[in-house]
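Below is one structure, written out as structure tokens; the observations come after it.
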Amino acid sequence: MQILVINGSPKGKNSDTLKLTMSFLQGMGETAEIIHTRQAKINPCLGCLSCWQQTKGVCVQKDGMEAILAKYKEADLVIWSTPLYFFSLPSNCKSVMDRLLPLDKLAMYVDADGRTDHSHRYALKAKHLLISGCGFPDRQGNFDGLIFMFQRAFGTLPMILCQEAPLLNDPEAREITSAYLATVAKAGAEYKANGNISPATQTILDAPMLPPELYRQGANRESQKYDNEG
């Protein structure tokens, strides 16, 4: 299986979210090619529509997106591994999503849900999966925009949306984070076997690792260290 991981974290290999993704791949028993979007030198989309009107699926910009699109076309599974930044994607990762435009055509059609969409230029085989971490203890009201974006772009897809993700790099939280990462690995094994994540496993993944009030107290104690400096 050809798996492409799009790591949208500016932290690169030190990403909290990437820890989740690596546990998922471990559970799958698979390796993947990882694109670190911050290092890929990807320009924002120009909105010129040349890839639709003149160059027939080829972007006029010559940068790191050329290689990503080539790998994307060959992938069996694309894992979007990205932290939640201001209720959406980090800008370098959003540029990757915007630059998928050459994969479609200007021509429109109405999909099965009655929504207007663009026709696809290529018969892509890749399935998609979203893994994201955020610094809040609440799922609802934070991931909503990201969920909509990915469901609108790729349809129904498995998601691992981890609240309290900074705990994954906290040595004092290792006991609870190890248990969570083990569940992520279990989700990977289930996905490899069945193409989905079981409801029981999903319920554990959707729950915060610490009670929200306890997590907020810890964050506030940490904040005081910086607020009191100087």
Side-chain angles (χ1 to χ4, degrees), residues 3-27 32-42 44 64-65 68 72 77-100 128-154 157-174 176-181 183-185 187-188 191 197 202 204-210 212 215-216 218-220 222-223 226:
I3 302 175
L4 180 65
V5 172
I6 298 176
N7 176 24
S9 174
K11 296 179 182 177
K13 295 180 180 179
N14 296 319
S15 164
D16 301 332
T17 303
L18 191 59
K19 288 181 181 292
L20 300 168
T21 301
M22 298 309 294
S23 291
F24 188 86
L25 290 170
Q26 183 180 12
E33 180 159 5
I34 302 176
I35 301 293
H36 300 288
T37 59
R38 184 181 179 185
Q39 301 169 5
K41 299 185 189 293
I42 302 161
M65 195 62 197
I68 293 177
Y72 188 97
L77 173 64
V78 177
I79 299 178
W80 295 82
S81 176
T82 175
L84 186 74
Y85 273 29
F86 222 92
F87 315 109
S88 183
L89 296 172
S91 57
N92 51 292
C93 188
K94 183 59 166 62
S95 290
V96 172
M97 181 171 281
D98 292 345
R99 296 281 301 279
L100 296 178
H128 292 262
L129 188 141
L130 171 63
I131 299 178
S132 181
C134 82
F136 286 123
D138 316 303
R139 187 176 189 274
Q140 188 172 2
N142 291 307
F143 284 112
D144 305 45
L146 197 66
I147 292 170
F148 174 82
M149 182 189 304
F150 275 84
Q151 288 182 338
R152 184 65 181 90
F154 305 116
L157 73 165
M159 299 184 185
I160 297 176
L161 306 177
C162 176
Q163 302 128 102
E164 307 172 347
L167 292 174
L168 296 167
N169 274 320
D170 184 349
E172 295 182 4
R174 190 163 294 154
I176 59 172
T177 58
S178 294
Y180 189 87
L181 291 172
T183 305
V184 175
Y191 183 82
I197 301 171
Q202 190 72 59
I204 297 172
L205 296 173
D206 289 346
M209 290 178 277
L210 280 178
Y215 179 82
R216 286 190 289 267
N220 290 339
E222 188 69 15
S223 176
Y226 303 103

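Throughout, residue positions are numbered sequentially from 1 according to the sequence presented.
Residue Ile197 holds its CD1 atom at 11.5 Å from CD1 of Ile204, rounded to the nearest 0.5 Å. To the nearest 0.5 angstrom, Gln151 atom CD is 10.0 Å from Leu146 atom CG. Note: Arg99 CZ to Thr37 OG1 = 12.5 Å, rounded to the nearest 0.5 Å. Interatomic distance, Leu84 CG to Thr82 OG1, rounded to the nearest 0.5 Å: 8.0 Å. Atom-to-atom distance recorded for Arg139:CZ and Cys134:SG is 10.0 Å, nearest 0.5 angstrom. Interatomic distance, Phe87 CZ to Asn142 CG, rounded to the nearest 0.5 Å: 5.5 Å.
Side chain of Thr17 to backbone of Gly133: a donor-acceptor contact under 3.5 angstrom is found.
Ring geometry for Phe24 against Tyr191 counts as tilted: the plane angle lies between 30° and 60°, on a 0 to 90° scale. Between His128 and Tyr72, the ring-plane angle classifies as tilted under the 30° and 60° cut-offs.
Side-chain contact between Met65 and Asp98 is absent, with no heavy-atom pair separated by less than 4.5 Å. Put simply, the side chain of Pro10 reaches to within 4.5 Å of the side chain of Tyr85, judged on heavy atoms. When side chains are defined from C-beta on, Gln163 does not count as touching Tyr215, because their heavy atoms never get closer than 4.5 Å. Side-chain contact between Ile147 and Leu161: present, with at least one pair of heavy atoms (C-beta onward) separated by less than 4.5 Å. Looking at Phe143 and Phe150, their side chains never come closer than 4.5 Å, going by heavy atoms from C-beta outward. Inter-residue side-chain proximity for Leu210 and Pro137 is flagged as unmet; no heavy-atom pair is nearer than 4.5 Å. Here the side chains of Ser9 and Leu18 are not in contact, with every heavy-atom distance at 4.5 Å or above. Within the 4.5 Å cutoff, side-chain heavy atoms of Ile79 are placed close to those of Leu25.
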**Asked** How far apart are the C-alpha atoms of Ile35 and Val5, what are their side-chain angles, what is the distance that settles it, and do they pass the side-chain contact (heavy atoms from CB on, under 4.5 Å) test?
**Response** CA-CA 6 Å; Ile35 301 293; Val5 172; over 6 Å; no
**Request:** Give the C-alpha distance, both sets of side-chain angles, the deciding distance and a yes or no for side-chain contact (heavy atoms from CB on, under 4.5 Å) between Tyr180 and Ser23.
**Result:** CA-CA 10 Å; Tyr180 189 87; Ser23 291; over 6 Å; no
**Test side-chain contact (heavy atoms from CB on, under 4.5 Å) applied to Ile6 and Val78, step by step** = CA-CA 7 Å; Ile6 298 176; Val78 177; 3.9 Å; yes
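In Met159, the CE atom is crowded: over 12 heavy atoms of neighbouring residues, nucleotides or ligands sit closer than 6.0 Å. When the shell of 6.0 Å around CZ of Arg174 is examined, it contains 12 or fewer heavy atoms from other residues, nucleotides or ligands. Shown here is Gln202, whose CD atom has more than 12 heavy atoms of other residues, nucleotides or ligands within 6.0 Å. The number of heavy atoms from other shown groups lying within 6.0 Å of CZ (Arg38) does not exceed 12. Enclosure of atom CZ in Phe154 by more than 12 non-hydrogen atoms of other residues, nucleotides or ligands within 6.0 angstrom is indicated.
Taking all atoms of both residues into account, the shortest heavy-atom contact from Ile160 to Ala187 is CD1-CB, 4.3 Å. The nearest pair of heavy atoms linking Pro166 to Asp16 is CA-OD2, 3.6 Å. Among all heavy-atom pairs drawn from Gly12 and Asn7, the shortest one is O-ND2, 3.0 Å. Residues Leu130 and Leu157 share a closest heavy-atom pair of N-CD1, 4.0 Å. Glu164 approaches Pro208 most closely through the heavy-atom pair OE2-CB, 3.4 Å. Gly64 and Ile42 make their closest contact through C-CG1, 4.4 Å (heavy atoms, listed as atom of the first residue, atom of the second, distance).
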